[in-house]
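Heads up, the thing below is written out as structure tokens.
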Amino acid sequence: MQENQQQQQVIQHAARQLEAGMLVAFPTETVYGLGADAENPDAVARIYAAKGRPSNHPVIVHVTPEADLSYWATDIPPQAQQLIAAFWPGPLTLILKRASHIPDAVSGGQDSVGLRCPSHPVAQALLRSFKGGKGGVAAPSANKFGHVSPTTAQHVIDEFPDETGVGGAIAAVLDGGQSEVGIESTIVDLTRLATHGPVLLRPGDISAAQLAEVLGVMPAAPDFAAPRASGTLDAHYAPNTPVVLVASDALASTMQQLKEAGRSFALMSHGQHGKTEALAHLMLPAEPHGYAHDLYADLRALDAAHADVILVEALPDDREWQGVNDRLRRAAFDSRDVLGSLLA
Ligand code: TXA
Ligand code: MG
């Protein structure tokens, strides 16, 4: 009870800090967010500065379940209502046409706005206290640009040691335990329905098949005319150690070759591989939700082994693994040639 009251006070204090234009990191069910008042361009600029993110990348605006969407967006199509009824609060972001009074800063200058209603109780309490529940909190994942997203409060502090310290740009880091989902929200673009239908900009825990069940059509894959989304850059979500995806049946020989070349490696698998020479080895659940839940925390843990490379046992190329495969491919993108040079 007392603990509860204390947490309420911490959350309310954080809401006042947001209202004053400061940054607050907070838990959501997907990953931790780095929040600012969406209607305060100076506050939003502080997010870009802290993350080292280009300012033409739009950020998601987080709202309460009671929010009046017509304040944020114009033209709310029936597909939006259907998806909201099915999946909010939860790990789904909708891209809608932006209301004209919403600052450019949150949309990276585009005429759209990304809206999400998180289910995490701490996120909801923060949103309800902030501007009496009438505001929106702009929040990308609370990590440096291109790096692995945080799924615990400690990850956020590790990511921003200076900014979360005394006098740093991040006024508070709210602790809500480990994020349940573990990968970022599914993003559906509903701004180009007439020409493209609903477009799946970023796969996530809510699968394309689940969206199709509600929408009556399978969402399209993004094309080159799609709005720029930083999660859709090829390289993203990457630890400092190079990541290489290896098919299950090639793992044993790859590990042997690395060993013979005098190279060290860490291993992330979903199958049993007995005893290996890996500096660190983590085995994740062979099921997409459990795998997603552990993914980022385990990538961070393996990164800390400071091996020459992190080998990741490749996953099935099935629709149900789409969200996890998307993140793994981006984490591995910049190091696709690393194995060759390590073994040369
Ligand atoms: O689960 C999540 O979505 C987490 C938590 C904190 O809510 N947030 C998150 O934010 O992943 P971020 O900024 O790391 O990724 C947001 C993605 C980016 O790829 C961004 O470009 C895209 O959403 N996005 C936001 N607003 C958009 C818009 N108006 N049009 C197109 N893409 C947009
Ligand atoms: Mg991110």
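Quick note: numbers below take in every heavy atom, side chains included, and nothing from hydrogens, waters or symmetry partners. Both ligands and their constituent atoms are indexed starting at 1 by order of listing. Each residue takes its place number in the sequence, starting with 1.
The aromatic rings of Y291 and W321 sit perpendicular, their planes meeting at an angle over 60°, well past the 30° parallel limit.
Put simply, Y237 stays out of reach of the Mg ion (ligand 2), with no N, O or S atom under 2.8 Å from it.
Looking at ligand 1, you won't find any N or O of K51 less than 3.5 Å from one of its N or O atoms. Polar contact check, S107 against ligand 1: no nitrogen or oxygen pair lies under 3.5 Å apart.
Per-residue contacts place H62 under 4.0 angstrom from the following atoms of ligand 1 (heavy atoms of the residue considered): 5 (C), 6 (C), 7 (O). Distances below 4.0 Å separate heavy atoms of G114 from the following atoms of ligand 1: 26 (N), 29 (N). Of all atoms in ligand 1, numbered sequentially from 1 with element shown, those under 4.0 Å from a heavy atom of S112 are 28 (C), 29 (N), 30 (N). Atoms of ligand 1 found under 4.0 Å from any heavy atom of T30 (numbered from 1 in listed order, with element): 1 (O), 2 (C), 4 (C), 5 (C). The distance from ligand 1 to the heavy atoms of R202 drops below 4.0 Å at these ligand atoms: 2 (C), 3 (O), 9 (C), 11 (O), 15 (O), 16 (C), 17 (C). Set against the non-hydrogen atoms of I187, the atoms of ligand 1 under 4.0 Å away are 17 (C), 22 (C), 23 (O). Listed by number with element, the atoms of ligand 1 under 4.0 angstrom from any heavy atom of V113 are 29 (N). Close approach of ligand 1 to S185 is summarised as follows: ligand atoms under 4.0 Å from at least one heavy atom of the residue are 1 (O), 2 (C), 3 (O).
No cation-pi contact links R53 to F145, judged by a cut-off of 6.0 Å to the six-membered ring centre and 45° from its axis.
For H57 and Y48, the gap between ring centers reaches or exceeds 6.0 Å.
Heavy-atom distances between H57 and ligand 1 stay at or above 4.0 Å for every pair. Heavy-atom distances between R53 and ligand 1 reach below 4.0 Å in at least one pair.
Among L211, T93, L83, the one residue that satisfies the side-chain contact (heavy atoms from CB on, under 4.5 Å) test with I206 is L211.
Salt bridge status for R116 with E29: present, with a side-chain N to carboxylate O gap under 4.0 Å.
In this structure, of G33, P58, P118, the residue bringing a heavy atom nearest to atom 20 (C) of ligand 1 is P58.
Under the side-chain hydrogen bond (donor to acceptor under 3.5 Å, both in side chains) criterion, D162 pairs with no residue, sequence neighbours left out.
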Using the rule given for side chain to side chain donor-acceptor pair (under 3.5 Å), can you reason through T241 versus H306, listing the C-alpha separation, both sets of side-chain angles and the distance that settles it, and then say yes or no? CA-CA 7 Å; T241 313; H306 299 294; 5.5 Å; no

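Residue D111 qualifies as open at atom CG: its count of foreign heavy atoms under 6.0 Å is 12 or below.
Cluster partners of F130, using a side-chain heavy-atom cutoff of under 4.5 Å among ILVMFWY residues and allowing indirect links, are V10, I11, L18, V24, F26, V122, L126, L127, V137, L174.
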